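Taking it in order: structure first as structure tokens, then the write-up.
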Amino acid sequence: MSTAPSPLRPAAAEGDAARVERFRALLRVPTVSHAEPEDTDWAAFEGFTALLPRLYPRLHAALSREVVAGHSLLYRWPGRGGDRPTVLMAHYDVVPASDDGWRHPPFAASLDAGPLADAVLHGRGTIDDKGALAAVLEAVEDLVTEGFTPESDVYLSFGADEEVAGTGAAEIVALLDSRRVRPALVLDEGGAVVEPGVVRGVDRPLAVVGVTEKGITTLQLVVDEQGGHASTPPRLPATARLARAITRLTRSPFPARLNPAAAAFVRTLADAATGPQRLLFRHVRWTAPVVARLFAALSDETRAMVRTTAAVTELRGSAGANVLAERATASVNVRVAVGSSVAEAIRHIRRAIRDPGVRIEVLHASEPSPVSPSTGPAWEDLRAAVLAVHPDVLVTPYTMLAASDSRHFSSISSAVYRFSPFEIDAAGRATLHARNESIRVRTWLDGIEIYRQLLRRR
């Protein structure tokens with residue numbers, strides 16, 4: 001991907017060093033969320049929220065702030081009376097990170113030596129999702145300093161428990177709903193500016209904007225048996241029966257289908273595609289089954305766009321090496337394709353396993369999100385903001401594969417988008433929830449400008 005400076009912001013713009021230092025201060029606070037609240041260091045979260053007014057004083061003078069659900073934050077920037085409220089979202093909790101295997105300590109916010117714009121900033125949260133949160137804060141601080149007032153109200157929704165599917169965003173939505181706030185645009189983390197070649201035959205960088213997201217369901221496969229001494233095992237112990245079920249599930253992929261968001265993605269790519277893909281994409285109304293099979297074969301990312309996926313993530317069996325398991329369990333993380341449903345996914349899994357001795361328990365379930373439009377004022381404002389900074393990219397709708405807090409906002413807004421305004425290549429995407437998460441400074445600064453451009457249109 002191009003690393004040329006934005007046409008709107010010189011590479012060494014005055015104030016960039018201070019911006020980066022504020023970002024580093026936020027990265028150093030280890031706001032790690034855990035599924036069990038008692039395992040979370042809430043003092044770190046309180047320290048983080050106390051730090052914000054000191055780093056962004058003009059923003060905090062102009063915007064009101066409420067604490068929701070303990071530690072999530074809701075800001076309101078009053079507009080001039082327009083009726084198109086905007087919500088910019090991010091979350092400041094991060095997943096755990098030990099020092100093992102990291103090139104730089106995950107909470108040191110290490111910055112490479114050399115010219116600032118070319119440097120890389122290392123640390124947990126640089127991409128997911130303090131990078132977006134800090135960029136939003138910088139954009140609003142800049143605009144407030146300039147004396148800018150948006151046409152309509154702008155809300156900043158910062159979750160504290162997104163990584164553990166907590167209640168912060170849902171309670172913010174309930175609060176806005178009680179006040180009859182109906183956002184005309186909601187923007188959360190999600191897609192990004194990605195390198196050419198992500199889709200074979202398309203040699204332009206893409207700005208992929210999630211217009212929907214897959215549902216997420218957690219299942220547990222359970223096998224019970226009497227147990228006993230491992231010296232006299234039955235013909236099919238609980239662990240073996242569970243392993244057979246997992247193998248059958250792995251060998252039974254879900255059907256590949258083009259949902260409306262995937263079809264819109266394909267149609268947008270048609271003019272930029274070359275070779276056979278150009279013809280296939282241009283006539284997707286008739287070639288959808290072929291395109292779905294093509295996407296299912298291209299890569300893990302494109303495969304997940306067109307089908308439900310099921311990944312076995314946790315296994316539990318016996319408590320001892322010479323003890324037969326009385327209960328063997330496997331956790332299955334299911335991402336439900338847009339156009340499908342939780343019920344359809346469970347039926348598929350039950351048919352794939354073909355064993356009444358394996359019980360399926362649903363621990364958590366949520367359906368895919370509604371599809372937001374890829375036309376109209378909200379979409380065009382977002383598209384124009386991206387193109388102002390990255391004029392050569394192709395802005396396209398797509399299906400977000402992960403889950404985000406934005407899904408809660410679909411109940412009060414029909415224009416919910418998922419886009420992190422950064423250039424992130426395949427190597428960068430591979431560091432999400434993994435070691436060595438990092439972001440190039442120039443990329444982060446360009447993200448600030450995209451938020452500025454968007455807010456000026458609201």
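Because the structure is predicted, anything quoted here is derived from the model rather than measured.
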For I246, does its backbone N or O pair with a side-chain atom of T250 as donor and acceptor, under 3.5 Å?
-> yes

Begin with the C-alpha distance, continue with both residues' side-chain angles, and end with the deciding distance and a verdict on side-chain contact (heavy atoms from CB on, under 4.5 Å) for V393 and L206.
-> CA-CA 5 Å; V393 306; L206 306 177; over 6 Å; no

Is any side-chain heavy atom of V199 less than 4.5 Å from a side-chain heavy atom of V266?
-> no

Roughly how far, to the nearest 0.5 Å, is CG of L269 from OG1 of T396?
-> 5.0 Å

Residues in salt bridge (charged side-chain N to carboxylate O under 4.0 Å, His left out) contact with D177, at least two apart in sequence or another chain | R182

Sorted by chain and number, sequence neighbours left out, salt bridge (charged side-chain N to carboxylate O under 4.0 Å, His left out) with E189 holds for none

Do L73 and T49 come close enough that some side-chain heavy atom pair is under 4.5 Å?
-> yes

Distance-only polar pair, side chains of D446 and H390, donor-acceptor under 3.5 Å = no

Who passes salt bridge (charged side-chain N to carboxylate O under 4.0 Å, His left out) against R257, sequence neighbours left out?
-> E344

Counting distance only, does the side-chain N/O of R278 pair as donor-acceptor with the main-chain N or O of A273 below 3.5 Å?
-> yes

Is there side-chain contact between V194 and D425, with at least one heavy-atom pair below 4.5 Å?
-> no

How many angstroms lie between CZ in R359 and CG in L219, if you round to the nearest 0.5 Å?
-> 13.0 Å

Going by heavy atoms in the side chains, are L55 and L26 under 4.5 Å from each other?
-> yes

Identify the two heavy atoms, one from V336 and one from A345, that lie closest to each other, and give their separation to 0.1 Å.
-> CG2-CB, 4.5 Å

Do any N or O atoms from the side chain of T302 and from the backbone of F295 form a donor-acceptor pair under 3.5 angstrom?
-> yes

Side-chain donor or acceptor of R452 paired with backbone N/O of A139 under 3.5 Å | no

Between F419 and A207, which heavy-atom pair has the shortest distance, and what is it?
-> CE1-CB, 4.1 Å

Steps toward side-chain contact (heavy atoms from CB on, under 4.5 Å) verdict (V441, L111) = CA-CA 9 Å; V441 168; L111 182 65; 3.7 Å; yes

Please determine which of V312, D355, I353 meets the side-chain contact (heavy atoms from CB on, under 4.5 Å) test together with L221.
-> I353

Look only at the side chain of T126 and the backbone of S438, and say whether a donor-acceptor pair between them is shorter than 3.5 Å.
-> yes

Sorted by chain and residue number, the salt bridge (charged side-chain N to carboxylate O under 4.0 Å, His left out) partners of R179 (sequence neighbours excluded) come out as E66

Within residues 296-312 or reaching into it, pairs that qualify as salt bridge (charged side-chain N to carboxylate O under 4.0 Å, His left out) - sequence neighbours excluded = D300-R303, E301-R429

With sequence neighbours excluded, give me every salt bridge (charged side-chain N to carboxylate O under 4.0 Å, His left out) pair touching residues 122-132.
-> R124-E437

Min side-chain heavy-atom separation L249-S252 under 4.5 Å = no

Within a strict 4.5 Å, meaning less than it, do heavy atoms of the Y417 and P373 side chains meet?
-> yes

Flag for Y92-H71: side-chain donor and acceptor within less than 3.5 Å | no

Do D188 side-chain atoms and S406 backbone N/O form a donor-acceptor pair below 3.5 Å?
-> yes

Report the C-alpha separation of V338 and V371 in whole Å, then their side-chain angles, then the decisive distance to 0.1 Å, and conclude whether the side-chain contact (heavy atoms from CB on, under 4.5 Å) test is met.
-> CA-CA 8 Å; V338 176; V371 179; 4.0 Å; yes

Expected output: side-chain N259 to main-chain A262 donor-acceptor under 3.5 Å = yes

For residues 379-387, run the donor-acceptor check on the side chains, cut-off 3.5 Å, and write out each pair with its distance to 0.1 Å, sequence neighbours left out.
from	atom 1	to	atom 2	distance (Å)
W379	NE1	S374	O	3.3
D381	OD2	R458	NH1	2.6

Apply salt bridge (charged side-chain N to carboxylate O under 4.0 Å, His left out) to the pair R19 and D142, showing each step before the final yes or no.
-> CA-CA 10 Å; R19 292 184 179 93; D142 286 350; 3.2 Å; yes

Mark yes or no for whether S72, through its side chain, and A69, through its backbone, hold a donor-acceptor pair below 3.5 Å.
-> no

If you look only at pairs with a residue in residues 393-418, which of them pass as a salt bridge (charged side-chain N to carboxylate O under 4.0 Å, His left out), with sequence neighbours excluded?
-> E213-R418

Do M89 and S157 come within less than 4.5 Å of each other through their side chains, counting heavy atoms only?
-> yes

Are any of the side-chain heavy atoms of Y398 and V209 separated by less than 4.5 Å?
-> no

How long is the span from the OG1 atom in T86 to the CG atom in L187, to the nearest 0.5 Å?
-> 9.5 Å

With sequence neighbours left out, the residues meeting ring pair (Phe, Tyr, Trp, His ring centres under 6.0 Å) with Y56 are none

Under the salt bridge (charged side-chain N to carboxylate O under 4.0 Å, His left out) rule, what pairs show up with a residue in residues 23-49, not counting sequence neighbours?
-> E21-R24

Measure from the side-chain N and O atoms of D93 to the backbone N and O of E162, and report whether any donor-acceptor pair falls under 3.5 Å.
-> yes

Shortest non-hydrogen contact between V32 and F107, atoms and distance = CG2-CZ, 3.6 Å

Judged by atom type as modelled, is there a donor-acceptor pair below 3.5 Å linking the side chain of S178 to the main-chain atoms of L175?
-> yes

Calculate, to the nearest 0.5 Å, the distance between atoms OG and CZ belonging to S404 and F409 respectively.
-> 10.0 Å

Kindly determine whether D153 and R76 satisfy salt bridge (charged side-chain N to carboxylate O under 4.0 Å, His left out), including the steps that lead there.
-> CA-CA 7 Å; D153 288 358; R76 177 175 173 260; 3.0 Å; yes

Nearest 0.5 Å, what's the CZ-OG1 distance between R435 and T431?
-> 12.0 Å

E163 and H34: side chain donor to acceptor below 3.5 Å | no

Enter the distance from N333:CG to T309:OG1 here, rounded to the nearest 0.5 Å.
-> 7.0 Å

State whether D16 and R442 are salt-bridged, where the test is any N-O pair (Lys NZ or Arg NE/NH1/NH2 against Asp/Glu carboxylate O) under 4.0 Å.
-> no

Here the pair of heavy atoms bringing V173 nearest to S411 is CG1-OG, 3.6 Å

Show every donor-acceptor pair shorter than 3.5 Å between a side-chain atom in residues 280-294 and any protein atom, with sequence neighbours excluded, or say none if there are none.
from	atom 1	to	atom 2	distance (Å)
R282	NH2	D271	OD1	3.0
T287	OG1	L280	O	2.6
T287	OG1	H283	O	3.1

Could you give me the CA-CA distance, side-chain angles and deciding distance for W77 and Y155, then say whether ring pair (Phe, Tyr, Trp, His ring centres under 6.0 Å) is met?
-> CA-CA 6 Å; W77 189 6; Y155 295 87; over 10 Å; no

Kindly write out the residues that satisfy side chain to side chain contact (heavy atoms under 4.5 Å, CB included) with A434, not counting sequence neighbours, or none if the list is empty.
-> none

